[in-house]
Structures are given as C-alpha cells and as structure tokens.
2 protein chains.
Amino acid sequence: MADSIIKRCAGIGLRMTDQRKVIAMVLDQSDDHPDAEELFARATIHDPKISLATVYRTVKTFEERGILEKVEFGDGRARYEAAGRAHHDHLIDENSGEVIEFYDPDIEALQEKIAAKLGYRLTGHRMELIGVKLTSD
Amino acid sequence: MADSIIKRCAGIGLRMTDQRKVIAMVLDQSDDHPDAEELFARATIHDPKISLATVYRTVKTFEERGILEKVEFGDGRARYEAAGRAHHDHLIDENSGEVIEFYDPDIEALQEKIAAKLGYRLTGHRMELIGVKLTSD
DNA sequence: ATAAGTGCAAAGCATTTGCTTTGAA
DNA sequence: TTCAAAGCAAATGCTTTGCACTTAT
C-alpha cells in the first residue's frame, strides 16, 4: 500500500502545520469521497479551531502538489481522494449515492483507441457510471 | 434529423412565450455546448430585454421536459445540448477546450458489463476523454 | 527572522427564488 | 380571465480572498 498522505507531504517538503497534519490524517482515514464541508466536519473533531477556509486551501494545495485528486460527481461540490493510487473509475448508486471504485483495463484501452481514432492522444478522462443495485429477489 | 426544439416544445404543450422561442431558436442554431451566460448573450441579440433568470429557468424547464441535456465539463458551469439525439460522449481538447462528440458501441456495451459485474443495472453514465491533438509532423 | 499558513469575515461565481407585473391560453 | 412565465433584485451554496495575526523552518 502507498505511503500515508502525511508522509507524502513531508516527502515533497510541504510545511507541516497542525492543521495540515489533521487534514492529512482525516484523509488517510477516509475511504470514501468527502467534500470540503465533510472534511471540515471530520477535522473539527481533532481540532475544533480549524477553519473551513483552511480546509479549502489545504485540499487545493494538496491537489496542486499531486497528493489529492479532485473528483466531481455532478452535485455541485468537489470531492477528494488520495492520488497516486492505482487508477480507477467510479460507479455511483443512484439511490444511495454510494460510490464504488473499479478499474477495468478494457475500458482504458478502448478509450485510448477512440481518442486515437479521433486524432488525439489521451491525457486524461473521467467516467462515472450511474446505476441501481440488482436485487436478488 | 430530429425536430427543432421549438417544435418539440409545442409538441409537449409547453407555453411558448417569446423568450422561450428565442432561447429555443438559439439552441437550434448552436452546435456547440453553450452555458447559461453564453445562451443569454446569444438570446440578447434577438431580444435585448430577456433576463438571465429566464434563461436559467428555461433551460431547467427544457431539461426537466427532456428537451435538453445538461452536461458538465468540470469548469463549474453547466452546459446544454439538445436531448433525444443519438447518444454520444465527449472528447475535450485540452488546449483549445474544443468539444468533439463521438459514439462508440463498444464503450456502451463494456459499461453495461462492468456495472453488471459490480451488481448494478446501468441507468446512466458520463464519460469525457481529455486529449491533445496528434500532430502530423 | 521571515516567508508561508491560519482565521475570520467579506467577496465571488453560478444558480435559484420571492415578488410583482406581464402575457399566452 | 387566469394561471404560468418574466423581470428584477435579493438570496443561496460552494469556493476564494484580503488582511491582520501566528507559526514552521
């Protein structure tokens, strides 16, 4: 498994304030896709004085330094997940909002192929599948 | 080719005000993906008195009635395109912002398959490829 | 010491809404 | 005539920023 976010911050020489440590820790402990408000709520548990502006500034810094990736699921809020993990896409449960991560090499290959056919070299993509749970009954 | 947006509005019994006619016409004449502000700018040419709020209300109405589809390219603004055309996805030129529409049946099939494998029935998806133009030199 | 980071409140955008007036049916 | 739609401005929700203060290095 990859290094913790705290370690990665130190590794690139980021100044580690108490607030950044708290936010990094919260991110390390999150396996979902929290938005800024949610990160703020979780961080507040460890540091009741932290401000929402700091959360916003910190995730922006982390994103710029390649520590986080911003993902947007079309609800108007930005969400964050640790970057540098294996690449994956998202499937969103239409009813619960639950987000499932998956990776499919065929999709990746196909996307390259489509881009090439259109005369492009692929530099990125975003893909979200929306679905409803198959009931077994 | 599909009916004009104006016809489709009439077809579902929408009250056709002058403003809606103008916005529908602007949409019919657009082959790109304008956002609300851009639609407002184009509509203003035909009706200098139209208000931005009306543009927002109208695209929302059109979307709810299945006449438009909202697409978001991650720049914080919603964009619109005529719905009910053949399904397609988007490739965005990283440098110019140009949007190319494409349809690939293999992608569609693969998405269904992935969703099924995860225990879901696919109800929708969004996919944008980001790329840079292949230079021929 | 000093440049970078924080907190707070104010500002910014895209979008929505309350309310009064206008107009399509 | 009557109810839906328009116009305007104020409100909203997410995110950013200016400024004075604090802190990691």
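Below, chain A is the first sequence line, B the second, and so on; all start at residue 1.
When distances run from any side-chain atom of A:Leu52 to the nucleotides C:dT6, D:dT15, C:dT15, the shortest one goes to D:dT15.
With A:Arg126 contributing its side chain and A:Phe73 its backbone, the two residues share no donor-acceptor pair below 3.5 Å.
Looking at A:Glu128 and A:His90, their side chains never bring a donor and an acceptor atom within 3.5 Å of each other.
We find that B:Asp18 and B:Lys49 are not joined by a salt bridge, their nearest charged nitrogen and carboxylate oxygen being 4.0 Å or further apart.
Residues of residues 54-75 of chain A that place a heavy atom closer than 4.0 Å to DNA chain C, in numerical order, are A:Thr54, A:Arg57.
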Sub-3.5 Å pairs of nitrogen or oxygen atoms, protein against nucleotides 21-23 of chain C:
{"unit_1": "C:dG23", "atom_1": "N2", "unit_2": "B:Arg15", "atom_2": "NH1", "d": "3.1"}

Could you list, one pair per line, each protein nitrogen or oxygen that sits under 3.5 Å from a nitrogen or oxygen of nucleotides 20-22 of chain D, together with the distance?
none

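By the 4.5 Å heavy-atom criterion applied to side chains, A:Thr58 and A:Gln19 are not counted as neighbours. Within the 4.5 Å cutoff, the side chain of A:His87 has no heavy atoms near those of the A:Glu69 side chain. Between B:Leu129 and B:Asp89, every side-chain heavy-atom pair lies at or beyond the 4.5 Å cut-off.
Taking for each of B:Asp35 and A:Gln19 the nucleotide of DNA chain C with the nearest heavy atom, the 5'-most of the two is the partner of A:Gln19. Mapped onto DNA chain C by nearest heavy atom, B:Ala53 and B:Leu14 fall at different nucleotides, with B:Ala53 at the one closer to the 5' end.
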